[in-house]
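Take a look at the structure set out below.
In this chain, numbering begins with 1 at the start of the sequence shown. Only this structure's heavy atoms are used, side chains among them; waters, hydrogens and symmetry mates stay out.
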Amino acid sequence: MKALLRYPGGKSRKAAKHLILSAMPATFEEYREPFFGGGGIGLTIPKTKNRWFNDLNEDLIALYERLQQDRDSFLEECRHILPLKAYGKKGSLEYETGKAKLKQFFHRCIRQDPDISTALRFLFLNRVGFSGRVVSDSTYFSAPERWNIIGTDVPEQVSTQLQGARLTCLDFARLFEKEGEGVWIYADPPYVSDSRRPFGSRLYEKTFSMDDHARLRTAVSKCNHKVLLSYDDDPAVREMYKGYWMRAITWTHCVSKKRSPGRELLIANYEPLIAATQEGEGQVFRIRKAA
C-alpha cells in the first residue's frame with residue numbers, strides 16, 4: 001500500500017518494511033505502536049484482535065480519527081481541493097492557475113483558517129509542504145503535485161486498516177507500562193540527531209529532548225513485553241542500549257530528495273528470528289540481552 005503521509009524517517013518503503021517485519025516475533029496477540037507517525041509498519045502488519053496506535057501529535061491523530069470514523073465525509077471535504085492534474089498539462093496556463101489556487105489554500109492552512117478542519121489542514125500541509133513537515137513556522141509550499149494522493153484509493157485503504165484499532169494521543173510510556181498478554185511493541189522514536197538540531201530546523205513538531213530518549217530507555221528496560229525499536233545509528237543510542245540485540249541496517253528514507261541511504265539500528269529486548277545478514281543489509285550484532 002502506498003503511503004498516505006510523507007513522514008521524515010518514515011518506514012513506508014519496501015526495504016524498510018521488509019527489514020523491520022523480518023525482526024518481529026513469530027507470534028503476538030496485541031500490537032502497540034507509541035510513535036505511529038505515518039503508520040508505515042502498523043498499517044502493514046497482519047491485523048490482530050488488539051491494535052493500539054498512538055502519537056503525541058494531536059493533529060495527526062485527528063486525521064486518523066476522521067479516516068477511521070468519518071471517512072466519506074472527510075474525503076468529500078478533501079476532494080473540494082482539486083489536484084493539479086485536474087487543471088491540465090504541466091506548463092499550461094490552466095496548470096499554473098491550479099498551482100496558484102493550491103498555494104492560496106496552503107497559506108490558509110498555515111494561518112489555521114477556522115473554516116478548514118484540523119484533519120484536512122494536516123493532510124494538505126503534509127502532502128504539499130517541504131519533506132512532509134507540518135510545522136507552521138518552518139514549512140513551505142514545495143510539492144503541489146503530491147496532492148494527487150486524494151485521487152487515489154490510498155485514503156480508503158488506510159481507513160480500512162484503521163478499523164477496530166485504538167487511537168490515542170498519550171505519552172509513549174503508557175504503552176510500555178500497560179499490562180497485556182502476547183504484546184509486541186514497535187517503537188520508531190524521533191532521532192537523537194534531530195534532538196541536537198536547532199529548534200527551527202527540527203524535522204518533527206513533537207520531537208524528543210535528550211531526557212526523553214533517556215525516559216524511553218528506562219521504559220524499555222522496565223517493560224515486560226517484547227519491544228523492537230528503530231533508531232538512528234548514533235553512538236549515544238548504541239551506548240544507551242548496550243547489551244540489547246542490535247542490527248545495523250541501511251535504507252533510503254522516503255522524503256529524501258537525493259535518496260541517499262542512511263544507517264539505522266534495529267534494537268530488541270528479545271532475539272528476533274533473523275538467522276543471518278543478507279548482503280547490503282548491514283551487520284548483525286549478537287549481543288546479550290540486557291538484564
Side-chain angles (χ1 to χ4, degrees), residues 7-11 16 19-20 23-25 30-42 52-58 60-61 133 135 138 168-180 183-251 253 262-272 282-291:
Y7 228 77
K11 304 304 185 291
L19 291 169
I20 291 169
M24 70 181 182
E30 179 181 348
Y31 176 80
R32 299 178 187 175
E33 191 167 340
F35 311 101
F36 194 54
I41 301 302
W52 185 354
F53 302 149
N54 179 80
D55 199 281
L56 200 56
N57 191 316
E58 295 178 354
L60 172 68
I61 295 300
R133 295 171 68 185
V135 184
S138 61
T168 59
C169 189
L170 303 170
D171 182 80
F172 65 82
R174 296 280 294 276
L175 282 77
F176 292 88
E177 296 166 351
K178 181 72 173 178
E179 295 181 358
V183 176
W184 176 45
I185 300 175
Y186 166 62
D188 184 23
Y191 295 161
V192 166
S193 58
D194 195 59
S195 300
R196 297 191 180 114
R197 294 172 183 262
F199 184 78
S201 62
R202 291 179 180 178
L203 297 174
Y204 313 99
E205 183 175 7
K206 304 291 185 180
T207 194
F208 261 23
S209 66
M210 293 308 294
D211 285 344
D212 289 323
H213 290 291
R215 283 202 309 121
L216 175 58
R217 168 63 175 83
T218 299
V220 173
S221 69
K222 293 181 177 180
C223 187
N224 295 319
H225 310 308
K226 291 183 177 180
V227 179
L228 176 70
L229 301 100
S230 53
Y231 244 122
D232 49 336
D233 192 349
D234 186 280
V237 176
R238 287 181 176 269
E239 181 61 28
M240 281 191 292
Y241 291 92
K242 187 176 181 180
Y244 283 75
W245 180 93
M246 289 187 190
R247 185 188 194 191
I249 52 179
T250 301
W251 59 57
H253 292 307
R263 287 178 63 82
E264 294 198 11
L265 292 174
L266 288 183
I267 304 167
N269 66 354
Y270 60 93
E271 185 78 8
Q283 181 180 358
V284 175
F285 295 86
R286 295 298 184 187
I287 301 177
R288 176 180 56 83
K289 176 182 173 181

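The shortest distance between side-chain heavy atoms of E33 and D55 does not fall below 4.5 Å. Within the 4.5 Å cutoff, the side chain of P189 has no heavy atoms near those of the F172 side chain. With a 4.5 Å cut-off on side-chain heavy atoms, T218 and F176 do not count as touching. Side-chain contact check for M24 versus L228: every heavy-atom pair is 4.5 Å or farther apart. In this structure, V220 and L229 have side chains that are in contact, with non-hydrogen atoms separated by less than 4.5 Å. At least one side-chain heavy atom of L266 sits less than 4.5 Å from a side-chain heavy atom of W245. Side-chain atoms of Y191 and F208, non-hydrogen and from C-beta on, never get closer than 4.5 Å to each other.
Residue A236 comes nearest to R196 through the heavy atom pair CB-NH2, 3.7 Å, listed as atom of the first residue, atom of the second, then distance.
A donor-acceptor pair under 3.5 Å is absent between the side-chain atoms of R247 and the main chain of L19, judged by distance alone. A side-chain donor-acceptor contact under 3.5 Å links N269 to the backbone of H225. With hydrogens and angles disregarded, no donor-acceptor distance shorter than 3.5 Å links the side chain of D232 to the backbone of D234.
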Apply side-chain contact (heavy atoms from CB on, under 4.5 Å) to the pair V237 and I267, showing each step before the final yes or no.
-> CA-CA 10 Å; V237 176; I267 304 167; 3.7 Å; yes

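Using bins of under 30°, 30° to 60° and over 60° for the plane-to-plane angle, the ring pair Y231/H213 lands in the tilted bin. Using a 30° and 60° split on the angle between ring planes, Y244 and Y241 fall in the perpendicular class, above 60°.
D171 has no carboxylate O lying under 4.0 Å from a charged side-chain N of R174, or vice versa, which leaves the two without a salt bridge.
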